[in-house]
Amino acid sequence: MSDEIARNRHKESFLSGIIKQNPLFVAILGMCPALAVTKTFEASFGMGLLFTFVLVCSNVIVSLLRKVVPEEIETPAHIVIIATFVTIVKMLTNALLPELYSSLGVFLSLLVVNCIVLGRSESFAKKNTVFDSFLDGVGNGIGYTLAISIIGIIREILGKGSLTVGKIFTFISYNGSPITIPILKNSVFDVSMGKIFSNPAGGFIVMGILLAIIAAVVNYNKAKKKAAAKSAAKPAPNTNLGGAK
Amino acid sequence: MNATVPFIVTFLLAIVNATLMDNVVLIRFYGICSFVGVSNKVKPAFSMGVAVAFVTIFASLVCWPLYNFVLVPAGIPFMDTVVYILVIASLVQLVGLVIKKYSPALYKAFGIYLPLITTNCAVLGVAQGNTDSGLSFGLSMAQAIGTSAGFLIIIFLMACIRSRLDAMNVPKAFKGIPIALIVAGIMSIALIGLGGIGS
């Protein structure tokens, strides 16, 4: 029985970050990198991966130290833990994927002050077991990577008219050159209007429209649920009256 | 840099460039969280802008010498991010204490925004960007001043627009953050138009 409860809890910590509590689209946190590095799909995906790595590591360490760190210095301690992992990630990326390092620029360092990483350690990891915190980190990381990749795909297709793979992850290539998939070539997006989407302005607009679509879906679901609850509740008083007679 | 151009001219140009053409929020995407979160009303937005400007300038003032005179001679320049975030966190604490002692009214106005500045990307982003791109001390300070001015101007303008938006009949799905982001996008297009001036 308690085994099942624990399993449910594990499942909940893992799944909630992916869709229900998606850090970017639902909680609306960590917007700076989501707008700044999402010019291309590959850079966004790389950012998501590095983000996941930092989040999982910091969650695990914060959770391991949760009984040792005094309450007064919790936040500075968490920030130093996160900053340490960000430094490790910076050095690894610089050595292994230099193209990713240069395309992310200062936003790699800015993972230190990412609201999600700090938020998860403050609101989850410092209160939960190591395994749960690990799962929470993986779930939120996947959620963030998915969200940021969606923005990257939209902006790259609208901005350039094509999708390129292999420029940053150089091990993916076709005859030694990056693979480019033309999708909107020679359309209005390719020629003139699309430029706006690779500009900073496009990041704001795409993000705003995506959030509005999500809000519309949530509103629609809520209205449907309400209507369903109403129609389910209506016959009930009638039968009750009938029963009283 | 051209040798015949006096330093003060490059300094002022760098400030203008960092304020408008390279605006922190709309072009470089630093500090979006506080930009979206605190720009609901004009007064808190202005307080937040001033507080961020304060800390950004002080942090750059401390971080540049720390990197060039301590970290580099000690052979540990890769520790920059860890050191900067500690400097910023303690600076925010210090600024809070000083303001509390000398101007309780201002402290009340800053309120909860002061601790939030630690996690504002603009502060760390400017300090890190300055040393990453190897700017001189003067130009780093120009960056810091320009960035602060840009943040203050944009968050103030945004708060003015959003307080008017509240009275408008915005479609339900766009209410709140989505419409704010689209407004920011339009403001950003306006700033892109200034792009040619600096060069």
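Since this is a predicted model, take the numbers as computed values, not measurements. Here is the naming used below: chain letters follow the sequence lines, and residue numbers restart at 1 for every chain. Excluded from the calculations below are hydrogen atoms, water molecules and symmetry mates; all remaining heavy atoms, backbone and side chain alike, are included.
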Measure distances from A:F107 to the heavy atoms of chain B and classify the residue's part below 4.5 Å as side chain, backbone, both or neither. side chain

Heavy-atom pairs under 4.5 Å with chain A are the metric here; pick the option from B:N120, B:D132, B:T118, B:I189 that has the most. B:I189

Here the gap from A:N219 atom CG to B:K172 atom NZ, rounded to the nearest 0.5 Å, amounts to 4.0 Å

Would you say that more than 12 heavy atoms from the other residues, nucleotides or ligands in this model lie under 6.0 Å from the CZ of B:F7, or not? yes

Using a 6.0 Å cut-off, check whether atom CD1 of A:I19 has over 12 heavy atoms from anything other than its own residue. no

Most heavy-atom pairs under 4.5 angstrom with chain B, which of A:A34, A:A216, A:A215, A:A201? A:A201

Cut-off 4.5 Å, heavy atoms of chain B, and the answer for A:I28 is side chain

Counting only non-hydrogen atoms closer than 4.5 Å, does B:A89 touch chain A with its backbone (N, CA, C, O), its side chain (CB onward), both, or neither? neither

Would you compute the distance between atom CG of A:L111 and atom SG of B:C121 and round it to the nearest 0.5 angstrom? 10.0 Å

Kindly compute the distance separating CD1 (B:I27) from CG (A:N199), expressed to the nearest 0.5 Å. 7.5 Å

Any B:F29 side-chain heavy atom under 4.5 Å of A:V37 side chain: no

Other residues, nucleotides and ligands only: do more than 12 of their heavy atoms fall within 6.0 Å of CZ on B:F11? yes

Measure the CD1-CD1 distance between A:I209 and B:I182 for me, rounded to the nearest 0.5 Å. 5.0 Å

Are side-chain heavy atoms of A:C32 and B:Y30 found at a separation under 4.5 Å? no

Take a 6.0 Å sphere around NZ of A:K90 and say whether it holds more than 12 heavy atoms from other residues, nucleotides or ligands. yes

Flag side-chain contact, heavy atom, 4.5 Å: A:F204 against B:I32: yes

Using heavy-atom distances under 4.5 Å, tell me whether B:V36 contacts chain A through its side chain, its backbone, both, or neither. side chain

